[in-house]
Amino acid sequence: MGAGHPRVGPGALLLLLGALAALPGPAQASGAAAWSVQEAQAADSGQAGEATADPLTVYLVTAAPGEAVWERFGHNGIWIHDARTGEDVFWEWGLFSFSQTGFIPRLLRGTMLYAMGGRYLSSMLQVYQAQGRDVWAQELALTPEQEAELDRFVRANALPENRDYVYNYYLDNCSTRVRDALDAVLGGSIRARFEGVETGRSWRWHTRRLLRPDPLAELGIQILLGSPADAPIDAWQEMFLPMELRAHLATATVPDGSGGERPLVVRETLILDGERGPPPTEPANRFPLMVITGILVALWTAFLARAAARSTAWKRVLGAWLVTWEGLVGLAGLVMVLGWLFTDHVFWYWNQNILQTNPVLLAVPAMAIPLLRGREPGPRLRKLLWWVRAIALAALVFKLLPGFEQDNWGIIALVLPTHLMLARAFPLSAGDGS
């Protein structure tokens with residue numbers, strides 16, 4: 001959902017850390033957007049006559065999700081047209097740069113700095129035209145005083161001393177900043193209208209839905225997100241997504257000046273038609289695939305264990321497999337523990353996946369050295385695998401208790417079968433003195 005250098009979605013930081021996806025450089029555009037403010041205003045025959053009395057017109061601009069992973073969450077901003085100067089400025093809160101001081105440490109700590117700024121509308125439209133993305137403009141029924149207040153706010157917010165903020169992919173991103181700016185000039189009416197309105201959805205649900213076309217990125221984020229991501233969200237919180245902010249504001253009303261109400265959105269115009277299909281409406285059901293994958297990995301492990309019992313060469317293969325699989329699983333657990341204890345990635349906290357991706361498995365590569373040399377493993381490896389299995393099985397019992405409702409059945413299905421198979425392949429009762 002971000003823009004600038006580079007332009008990314010509101011889940012881009014999760015994507016960077018959870019799926020190790022590469023982010024693009026600045027978007028390159030070609031050609032000009034075939035649209036102008038005059039064409040939009042021509043739909044209202046009285047618009048030109050009102051220009052002098054009310055020189056500002058405010059629009060919520062929303063760009064649909066794009067093709068690349070980092071574009072899956074869309075983008076938005078506030079466009080202010082000034083009839084006195086003919087100026088069209090698009091104000092956005094999704095700017096950041098790889099060259100900023102401390103970029104990598106802040107990224108890892110969850111204290112990434114984003115900034116807001118303005119650019120000409122035509123520049124923004126060129127970028128999204130080149131990407132083939134739909135862009136909508138919703139003219140908002142603000143009073144002249146509210147329009148002037150918003151214009152003063154965004155210009156003050158863009159000053160060097162005000163423009164930076166600590167980004168949070170769900171709670172404080174470029175879409176929530178747009179929402180909050182509009183809510184402020186409307187006297188809190190947006191929050192009053194939508195806060196507490198149940199949606200039946202969660203942060204994780206929306207993240208999985210929008211990453212549906214990118215299963216590996218979805219898997220990485222599924223592993224990293226903890227229990228806080230499964231909390232039900234209301235319509236106010238759901239506006240962390242640009243497309244949801246657009247949809248909810250289309251149902252909002254404001255006073256009409258005569259004791260009644262009128263729609264907040266005067267009109268909506270598709271100003272760029274990227275000819276892309278709509279984003280997914282539901283997350284994919286990956287559970288059957290994860291069950292099958294978990295079983296296949298466990299069967300492969302069982303085959304290697306049986307072959308290793310008869311062959312020195314296969315012992316080395318089994319050792320290499322243990323180093324690879326258990327090392328990766330343990331590394332995932334270590335990232336979760338470090339994120340929980342030492343970063344501000346609050347949606348990684350209380351992550352039950354740690355009980356499956358146990359970080360103690362990082363000791364396996366050292367304990368598998370005898371296998372890599374074609375010999376039987378020592379008692380420490382057997383004990384470690386037995387305790388990892390016991391903890392992973394205990395996690396199933398925990399799922400029956402209140403407070404353990406994290407949506408991680410797929411991760412359990414992917415990892416637990418191999419824990420069970422390894423504990424059986426290396427029993428404590430083996431004649432190794434354990």
Side-chain angles (χ1 to χ4, degrees), residues 14 17-18 110 170 200-209 218-233 283-299 301-302 322 325-364 380-428:
L14 272 175
L17 299 167
Y170 293 142
R201 299 161 184 162
S202 67
W203 314 104
R204 187 191 302 274
W205 188 92
H206 275 300
T207 303
R208 291 186 55 223
R209 171 176 70 87
E218 181 187 337
L219 174 62
I221 291 177
Q222 272 286 82
I223 293 173
L224 285 180
L225 286 178
S227 297
D230 293 297
I233 59 176
N285 180 13
R286 309 249 188 234
F287 185 72
L289 177 61
M290 298 179 86
V291 169
I292 293 171
T293 303
I295 291 173
L296 290 177
V297 172
L299 290 176
T301 303
L322 287 182
W325 175 258
E326 302 292 69
L328 287 174
V329 172
L331 181 60
L334 178 63
V335 171
M336 282 182 262
V337 170
L338 294 176
W340 185 345
L341 296 178
F342 301 111
T343 79
D344 290 342
H345 291 289
V346 296
F347 286 91
W348 295 17
Y349 298 175
W350 301 103
N351 194 334
Q352 297 168 36
N353 289 328
I354 292 174
L355 300 175
Q356 302 297 328
T357 59
N358 200 315
V360 302
L361 288 171
L362 288 176
V364 167
R380 290 185 301 171
L381 178 61
R382 299 179 186 278
K383 290 178 181 178
L384 176 67
L385 295 176
W386 192 92
W387 280 108
V388 167
R389 178 189 65 172
I391 293 171
L393 285 172
L396 294 181
V397 178
F398 295 156
K399 298 292 288 183
L400 304 176
L401 303 176
F404 286 85
E405 296 86 6
Q406 180 175 325
D407 180 10
N408 69 331
W409 283 107
I411 305 303
I412 293 174
L414 181 64
V415 179
L416 181 59
T418 301
H419 289 328
L420 301 178
M421 190 62 67
L422 283 171
R424 181 176 180 180
F426 298 100
L428 288 177

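All values below come from the heavy atoms of this structure, side chains included, with hydrogens, waters and symmetry mates left out.
- With values rounded to the nearest 0.5 angstrom, Ile295 atom CD1 is found 11.0 Å from Leu414 atom CG.
- Residues meeting the side chain to side chain contact (heavy atoms under 4.5 Å, CB included) test with Leu322, sequence neighbours left out: Leu318, Glu326, Val364, Leu371, Leu381, Leu422, Phe426.
- For Trp205, the ring pair (Phe, Tyr, Trp, His ring centres under 6.0 Å) criterion is met by no residue, not counting sequence neighbours.
- Residues forming a salt bridge (Lys or Arg N to Asp or Glu O under 4.0 Å) with Arg389 (at least two apart in sequence, or on another chain): none.
- Residues Trp325 and Thr301 have side chains not in contact (no heavy-atom distance under 4.5 Å, counting atoms from C-beta outward).
- Remark: Thr357 engages no residue in a side-chain hydrogen bond (donor to acceptor under 3.5 Å, both in side chains) (not counting sequence neighbours).
- Of all heavy-atom pairs between Ala363 and Leu384, the closest is CB-CD2, 4.3 Å.
- Distance CD1/Ile411 to CG/Leu224: 9.5 Å, rounded to 0.5 Å.
- Residues passing the side chain to side chain contact (heavy atoms under 4.5 Å, CB included) test with Ile292, sequence neighbours excluded: Leu296.
- Distance check: Trp348 CH2 to Asn353 CG gives 12.5 Å after rounding to the nearest 0.5 Å.
- Shortest non-hydrogen contact noted between Ala425 and Arg382 is O-NH1, 4.5 Å.
- With sequence neighbours excluded, no residue satisfies side-chain hydrogen bond (donor to acceptor under 3.5 Å, both in side chains) with His419.
- Ile354 places a side-chain heavy atom less than 4.5 Å from the side chain of Pro359.
- Legend: residues meeting side-chain hydrogen bond (donor to acceptor under 3.5 Å, both in side chains) with Arg204, ordered by chain and number and at least two apart, are Gln222, Asp230.
- Shortest non-hydrogen contact noted between Gly294 and Pro417 is O-CB, 3.6 Å.
- Residues satisfying the side chain to side chain contact (heavy atoms under 4.5 Å, CB included) criterion with Ala413, sequence neighbours excluded, are Phe287, Val291.
- Within a 6.0 Å sphere centred on CH2 of Trp350, heavy atoms belonging to other residues, nucleotides or ligands number 12 at most.
- Of all heavy-atom pairs between Ala284 and Arg208, the closest is O-NH2, 2.6 Å.
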In residues 392-404, what donor-acceptor pairs under 3.5 Å come from side-chain atoms, sequence neighbours left out?
{"from": "Lys399", "atom 1": "NZ", "to": "Gln406", "atom 2": "O", "distance (Å)": "2.5"}
{"from": "Lys399", "atom 1": "NZ", "to": "Asn408", "atom 2": "OD1", "distance (Å)": "2.6"}

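- Between Tyr170 and Phe347, the ring planes are perpendicular. Angles over 60° get that label, and only those under 30° would be called parallel.
- Qualifying side chain to side chain contact (heavy atoms under 4.5 Å, CB included) partners for Thr343, counting only residues two or more places apart in sequence or in other chains: His345.
- Taken to the nearest 0.5 Å, the CG atom of Asn351 stands 11.0 Å off from the CD atom of Gln356.
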Let me have the donor-acceptor pairs involving side chains of residues 331-338, under 3.5 Å, with sequence neighbours excluded, atom names and distances please.
none

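- Residue Arg286 qualifies as enclosed at atom CZ: its count of foreign heavy atoms under 6.0 Å is above 12.
- Using a 4.5 Å heavy-atom threshold, the side chains of Leu219 and Met290 count as touching.
- Trp387 meets the ring pair (Phe, Tyr, Trp, His ring centres under 6.0 Å) test with no other residue; sequence neighbours excluded.
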